[in-house]
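See below for the structure under consideration.
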Amino acid sequence: MRCVIARFPFELTKDGVLESMKGVKPEPVTGASVIIGRRHYPLKQVGQVITRQDRRDFSATEVLRAMTQLGFTCRAVPEAAPPGAPGSLQYASAMLGTPVIV
């Protein structure tokens, strides 16, 4: 499948991506990720390996689009709780009508 990443065309296949990522240790995932095999890889790491380009040359969205079209499962960035939102202890205390003792 033809994909354009960082204004360069690439002919990518699912098998080719699997082969390229074989033996590559996943970095810690802090943003969006893709599942390749049984491992979760950051999108930027996958993009760097399959395109051999610097991570600053492409966006995670470009890699996300290509990996989705190839049939890989991608995960979005988990949403953070808004500041000041009650945690589970505060929520349970409020439901029981008792003050929170910390």
Side-chain angles (χ1 to χ4, degrees):
M1 181 185 94
R2 185 170 194 256
C3 300
V4 177
I5 299 175
R7 297 184 312 260
F8 291 100
F10 293 93
E11 284 294 329
L12 299 177
T13 63
K14 189 168 188 171
D15 291 334
V17 172
L18 288 169
E19 186 64 32
S20 295
M21 296 305 293
K22 189 181 291 186
V24 176
K25 183 179 177 185
E27 296 172 358
V29 176
T30 57
S33 65
V34 60
I35 301 171
I36 300 176
R38 293 185 211 157
R39 298 179 175 191
H40 293 259
Y41 292 91
L43 286 171
K44 287 283 201 164
Q45 181 184 12
V46 174
Q48 181 180 21
V49 171
I50 64 175
T51 66
R52 297 182 181 95
Q53 294 180 341
D54 190 277
R55 294 179 189 201
R56 295 171 289 182
D57 293 340
F58 57 87
S59 69
T61 306
E62 293 173 301
V63 180
L64 174 69
R65 187 179 313 119
M67 295 297 105
T68 302
Q69 289 176 350
L70 287 172
F72 289 102
T73 302
C74 298
R75 305 269 169 123
V77 178
E79 293 184 22
S88 58
L89 178 64
Q90 289 83 6
Y91 181 75
S93 296
M95 294 297 291
L96 293 172
T98 58
V100 176
I101 299 173
V102 180

Of the non-hydrogen atoms in Q48 and F58, which two are nearest, and what is the gap between them?
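Where Q48 meets F58 most closely, the heavy atoms are N-CZ, 3.4 Å.
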If every non-hydrogen atom of I5 is compared with every non-hydrogen atom of F10, which pair is closest and at what distance?
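Result for this residue pair: O-CE1, 3.6 Å.
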Any side-chain heavy-atom pair of F8 and T51 under 4.5 Å
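The answer is no, as the side chains (C-beta and beyond) never meet within the 4.5 Å cut-off.
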Other than I35, what residues sit in its cluster of Ile, Leu, Val, Met, Phe, Trp and Tyr side chains whose heavy atoms are under 4.5 Å apart, directly or through others?
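Listed partners: none, I35 stands alone.
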Roughly how far, to the nearest 0.5 Å, is CG of L43 from OG1 of T61?
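The CG atom of L43 is 8.5 Å from OG1 of T61, to the nearest 0.5 Å.
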Distance-only donor-acceptor pairs under 3.5 Å for side chains of residues 62-76, two or more places apart:
from : atom 1 : to  : atom 2 : distance (Å)
E62  : OE1    : S59 : N      : 2.8
E62  : OE2    : A6  : N      : 3.1
T68  : OG1    : L64 : O      : 2.8

Let me have the donor-acceptor pairs involving side chains of residues 20-29, under 3.5 Å, with sequence neighbours excluded, atom names and distances please.
from : atom 1 : to  : atom 2 : distance (Å)
S20  : OG     : G16 : O      : 3.0
K22  : NZ     : E19 : OE1    : 3.4
E27  : OE1    : R55 : NH1    : 3.0
E27  : OE1    : R55 : NH2    : 3.3
E27  : OE2    : R55 : NH2    : 2.8

